[in-house]
Visitor: 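Handing you a structure now.
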Amino acid sequence: MKPILATVTIVLSVLIFSNSAQAKIWRLNNNGNLPIPAILSDFPAATTLQQVNDNVSVLSGDTIHVEQSPTTYGPCIFTKRLIVIGSGYFLNLNPNTQVNTSYGSIVGDLTFYNAAAASSQVYGLQVGNVFMGVNNLVIGRCYFPSVSCLIGNATTGNIDGMSLRQCVFGGNIGATYMIRNNSGTGNVTNMNIYGNIFVPLQYGIGLDTRVSGIFKNNIVAVYYNPLSIAGFYVVNNITMSSQGAYPNTFTNCSVEYNIGQHANHFVTPSGTGTTYGLGNVAKSPAQIA
């Protein structure tokens, strides 16, 4: 009888511990009880995402739902592994949505340089600059209205497994979409840049040999040079340069099945050490459309 009781006690203890260790979902709302019906904040005194990150009750692995508001939730320097989910953007283009279409979830600059923030995920926000510098970080389905994404941190450490996917960039003619943080010397490997729309900024993607990975299913429509990247597998992308035949530049890449507005985008681009496979073609914007 005693072994059975001991086994039951151990199982119950494990179940209780597992339940207490489960990640929580928190709500952040700095817009009161609007839009109606709104889900009230779990942090009545908090108006910023940083305050939630810093709250001792919020633990690594928790999820933050950022409710709709016309007021920004401000910048955040992440010090924990969090999943942050906003209400999306371009809501007025979908009149059948269940949310208020007048505004979404807006934040400022998001900084991921603290190693404790590795494996964080961010979705559905209108963001400022995003500084991607920890392992396995995911930025997905966010809107960059007029700002940039900096890849890699300012240290000598290497970073692996980050993803930027299904985001929309655009609006600031003087900006560059994405560059390597030039104060860091570590390598960024297995960077997945997938399904993004970059339009219509001045310059496109500028990543040197410190960043490598996959560049797939993106649209890059800029004024001058769309792409200057190294060490990437480049496949199923479309690039355009509206101010002339400004070339793409590839160094030690593998490039196939892409469409460029000009021949020097994918058929005869600049660069060295690159393998050009099948399916790279040049077409006019009318043909691409």
Visitor: Quick check for you: to the nearest 0.5 Å, what is the distance between Thr47 atom OG1 and Asn29 atom CG?
Guide: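 Output value for this atom pair is 11.5 Å.
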Visitor: Kindly say whether Gly74 contributes a backbone atom to a donor-acceptor pair with the side chain of Thr72 at under 3.5 angstrom?
Guide: yes
Visitor: Would you mind telling me which of Asn258, Asn237, Thr239 makes a side-chain hydrogen bond (donor to acceptor under 3.5 Å, both in side chains) with His265?
Guide: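 Going through Asn258, Asn237, Thr239 one by one, the side-chain hydrogen bond (donor to acceptor under 3.5 Å, both in side chains) with His265 is satisfied by Thr239 alone.
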Visitor: Can Ile25 and His65 be said to form a side-chain contact (heavy atoms from CB on, under 4.5 Å), step by step?
Guide: CA-CA 7 Å; Ile25 296 176; His65 284 196; 4.0 Å; yes
Visitor: With side chain to side chain donor-acceptor pair (under 3.5 Å) as the criterion, how do Asn190 and Asp160 come out once you've worked through the C-alpha distance, each side chain's angles and the decisive distance to 0.1 Å?
Guide: CA-CA 6 Å; Asn190 295 307; Asp160 185 72; 2.6 Å; yes
Visitor: With no hydrogens and no angle check, just 3.5 Å: does a side-chain donor-acceptor pair link Tyr103 and Asn31?
Guide: yes
Visitor: Heavy-atom count check: over 12 atoms from other residues, nucleotides or ligands less than 6.0 Å from Lys283 NZ?
Guide: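 No, NZ of Lys283 has 12 or fewer neighbouring heavy atoms, counting only those of other groups under 6.0 Å.
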Visitor: Any non-hydrogen side-chain atom of Phe112 less than 4.5 Å from a side-chain atom of Met132?
Guide: no
Visitor: Distance-only, no hydrogens or angles: does the Ser120 side chain make a donor-acceptor pair with backbone N or O of Leu137 under 3.5 Å?
Guide: no
Visitor: Walk me through whether Val134 and Phe78 qualify under side-chain contact (heavy atoms from CB on, under 4.5 Å).
Guide: CA-CA 10 Å; Val134 293; Phe78 285 76; over 6 Å; no
Visitor: Looking at side-chain heavy atoms only, is the closest gap between Met240 and Tyr246 below 4.5 Å?
Guide: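 The answer is no, as the side chains (C-beta and beyond) never meet within the 4.5 Å cut-off.
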Visitor: Donor-acceptor check, side chain of Asn158 to backbone of Asn187, threshold 3.5 angstrom: yes or no?
Guide: yes
Visitor: When rounded to the nearest 0.5 angstrom, what distance separates CG in Asp62 from CD in Gln22?
Guide: 11.0 Å
Visitor: Report whether Phe43 and Leu125 are members of the same hydrophobic cluster (ILVMFWY, side-chain heavy atoms less than 4.5 Å apart, transitive linking).
Guide: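 Result: yes, single cluster for both.
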Visitor: For the backbone of Val168 and the side chain of Asn196, can you confirm whether one donor and one acceptor N or O come within less than 3.5 Å of each other?
Guide: no
Visitor: Between Asn248 and Asn225, is the side-chain contact (heavy atoms from CB on, under 4.5 Å) condition met? List the steps.
Guide: CA-CA 6 Å; Asn248 289 331; Asn225 305 77; over 6 Å; no
Visitor: Can Tyr276 be reached from Phe266 by stepping across I, L, V, M, F, W or Y side chains whose heavy atoms are under 4.5 Å apart?
Guide: yes
Visitor: Kindly indicate, with the supporting measurements, whether the criterion side chain to side chain donor-acceptor pair (under 3.5 Å) is fulfilled by Gln50 and Asp54.
Guide: CA-CA 6 Å; Gln50 187 70 62; Asp54 298 344; 3.0 Å; yes
Visitor: For Asp109 and Asn129, indicate whether the former's side chain and the latter's backbone hold a donor-acceptor pair under 3.5 Å.
Guide: yes
Visitor: Do the non-hydrogen side-chain atoms of Ser163 and Tyr194 ever get within less than 4.5 Å of each other?
Guide: no
Visitor: Give a yes or no on this: more than 12 heavy atoms of other residues, nucleotides or ligands lie within 6.0 Å of atom CD1 of Ile77.
Guide: no
Visitor: Check whether any side-chain heavy atom of Tyr73 lies under 4.5 Å from a side-chain heavy atom of Leu28, and answer yes or no.
Guide: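 A side-chain contact under 4.5 Å exists here.
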Visitor: Without swapping roles, check the side chain of Asn218 against the backbone of Ile193 for a donor-acceptor pair under 3.5 Å.
Guide: yes
Visitor: Using atom types as modelled and distance alone, determine if a side-chain donor or acceptor of Thr251 lies under 3.5 Å from a backbone N or O of Ala230.
Guide: no
Visitor: Check the surroundings of atom CZ in Arg27: do more than 12 heavy atoms from other residues, nucleotides or ligands lie under 6.0 Å from it?
Guide: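 Enclosed.
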Visitor: Does the side chain of Ser41 reach to within under 4.5 Å of the side chain of Trp26, using non-hydrogen atoms?
Guide: no
Visitor: Tell me if a side-chain donor or acceptor on Thr274 pairs with a main-chain N or O of Phe250 at a distance below 3.5 Å.
Guide: yes
Visitor: Report the C-alpha distance between Ser105 and Ser87 in whole Å, list the side-chain angles of each, state the deciding distance to 0.1 Å, and finish with yes or no for side chain to side chain donor-acceptor pair (under 3.5 Å).
Guide: CA-CA 6 Å; Ser105 304; Ser87 57; 3.0 Å; yes
Visitor: Please check if Leu49 and Val58 belong to a single hydrophobic cluster, counting links between Ile, Leu, Val, Met, Phe, Trp and Tyr side chain heavy atoms closer than 4.5 Å.
Guide: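 Leu49 and Val58: one cluster.
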Visitor: Once rounded to the nearest 0.5 Å, what's the spacing between atom CD of Gln261 and atom CD1 of Ile238?
Guide: 11.5 Å
Visitor: So, Asn30 versus Thr71: side-chain donor-acceptor pair below 3.5 Å or not?
Guide: no
Visitor: Test your reading of the model: is there a side-chain donor-acceptor pair from Asn280 to the backbone of Val255, 3.5 Å cut-off?
Guide: yes
Visitor: How many angstroms lie between atom OH of Tyr113 and atom CG of Leu150, to the nearest 0.5 angstrom?
Guide: 5.5 Å
Visitor: Strictly under 6.0 Å, is that where the ring centroids of Phe90 and Tyr143 end up?
Guide: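 Phe90 vs Tyr143: aromatic centres under 6.0 Å.
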Visitor: Grouping I, L, V, M, F, W and Y whenever their side-chain heavy atoms are under 4.5 Å apart, do Tyr123 and Val130 come out in a common cluster?
Guide: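 No, separate clusters.
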Visitor: Between Glu256 and Leu278, is the side-chain contact (heavy atoms from CB on, under 4.5 Å) condition met? List the steps.
Guide: CA-CA 5 Å; Glu256 60 183 358; Leu278 299 174; 5.6 Å; no
Visitor: Could you walk me through whether Thr79 and Asn53 pass the side chain to side chain donor-acceptor pair (under 3.5 Å) check?
Guide: CA-CA 7 Å; Thr79 58; Asn53 174 91; 2.9 Å; yes
Visitor: Would a single hydrophobic cluster contain both Val235 and Ile219, if residues Ile, Leu, Val, Met, Phe, Trp and Tyr are joined by side-chain heavy-atom contacts under 4.5 Å?
Guide: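 Different clusters: Ile219 never reaches Val235 through Ile, Leu, Val, Met, Phe, Trp or Tyr contacts under 4.5 Å.
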Visitor: Which value, rounded to the nearest 0.5 Å, describes the distance between Asn114 atom CG and Arg81 atom CZ?
Guide: 13.5 Å
Visitor: Distance from Arg165 atom CZ to Ile214 atom CD1, nearest 0.5 Å?
Guide: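 Going from CZ on Arg165 over to CD1 on Ile214, the span is 12.0 Å.
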